[in-house]
Amino acid sequence: MKYYDIGQRIRHYRKACGLSQEALADKADISVTHMSHIETGNTKLSLPVFVKIAEALDVQTDALLYDSPRFSKNVAAERVQKVLDSCTTEQLYVLIETLEALKVSMDKHVR
């Protein structure tokens, strides 16, 4: 396991969330120095800290562990549910119709 790579993924998601190291460290209940060392791979992080960081960034732990997160139906269902929860009734109608048409097309062309 390459801690530098994990640290760089944490850094990527932190920046994508618009958080400073200080803000993420505060959310994960660790020192800024420890956060800096995690991002640079200069220290190993404990499982509890790793989970707190993932929760603070609102990402699956797999996204921090792997370049290409493992994908499962459960992960897909969670992501879809987040999108659906943020939609208006009209948007839901459009999404359902689009998904149904896409599925028909995939059934015809993707084997």
Side-chain angles (χ1 to χ4, degrees):
M1 180 173 305
K2 295 184 179 180
Y3 289 96
Y4 175 79
D5 293 341
I6 294 170
Q8 290 303 293
R9 287 186 203 100
I10 290 170
R11 180 177 184 264
H12 166 80
Y13 283 104
R14 174 180 61 77
K15 288 188 170 206
C17 291
L19 295 172
S20 65
Q21 279 188 341
E22 294 82 7
L24 181 55
D26 186 53
K27 286 183 168 210
D29 198 29
I30 60 174
S31 73
V32 177
T33 302
H34 190 49
M35 185 76 252
S36 175
H37 287 202
I38 289 169
E39 286 190 7
T40 58
N42 291 328
T43 190
K44 295 178 181 178
L45 65 162
S46 68
L47 186 57
V49 168
F50 179 70
V51 170
K52 283 182 181 180
I53 290 172
E55 288 173 348
L57 295 171
D58 195 27
V59 297
Q60 298 286 325
T61 54
D62 280 4
L64 300 178
L65 290 174
Y66 306 107
D67 281 331
S68 300
R70 305 298 192 244
F71 200 73
S72 69
K73 281 191 172 187
N74 288 342
V75 171
E78 287 178 21
R79 290 178 62 186
V80 168
Q81 190 61 54
K82 280 185 178 181
V83 171
L84 296 176
D85 289 345
S86 70
C87 290
T88 65
T89 302
E90 293 81 13
Q91 290 172 330
L92 287 172
Y93 179 76
V94 172
L95 280 176
I96 290 168
E97 292 223 336
T98 303
L99 282 173
E100 289 172 344
L102 181 60
K103 178 67 169 105
V104 168
S105 180
M106 286 179 10
D107 288 345
K108 287 181 186 176
H109 302 288
V110 179
R111 309 250 175 220

Start with the C-alpha gap between I30 and L45, add the side-chain angles, then the distance that decides, and say whether side-chain contact (heavy atoms from CB on, under 4.5 Å) holds.
CA-CA 11 Å; I30 60 174; L45 65 162; over 6 Å; no
May I have the step-by-step check of side-chain contact (heavy atoms from CB on, under 4.5 Å) for E90 and V94, ending in yes or no?
CA-CA 7 Å; E90 293 81 13; V94 172; 5.9 Å; no
Assigning hydrophobic clusters by single linkage (Ile, Leu, Val, Met, Phe, Trp, Tyr; side-chain heavy-atom cutoff under 4.5 Å), is [X] placed with [Y]?
X	Y	answer
L47	M35	yes
V83	Y93	no
V51	I10	yes
I53	Y4	no
L92	L99	no

For residues [X] and [Y], report the shortest heavy-atom separation together with the two atoms involved.
X	Y	answer
D107	K103	OD1-NZ, 2.6 Å
S31	A25	O-CB, 3.8 Å
L64	Y13	CD2-CD1, 3.7 Å

Q91/L84 under side-chain contact (heavy atoms from CB on, under 4.5 Å): CA gap, chis, key distance, verdict:
CA-CA 9 Å; Q91 290 172 330; L84 296 176; over 6 Å; no
Please round to the nearest 0.5 Å and tell me the distance separating atom [atom1] of [X] and atom [atom2] of [Y].
X	Y	atom1	atom2	value
N42	T33	CG	OG1	11.5 Å
K15	S20	NZ	OG	11.0 Å
D62	R9	CG	CZ	10.5 Å
C17	H12	SG	NE2	9.0 Å
Y3	I38	OH	CD1	11.0 Å

Can you tell which of R14, H34, Q8 makes a side chain to side chain donor-acceptor pair (under 3.5 Å) with E39?
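Of all the options given, the one that passes is R14.
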Note, L19 side chain near L57 side chain (heavy atom, < 4.5 Å)
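They are in side-chain contact.
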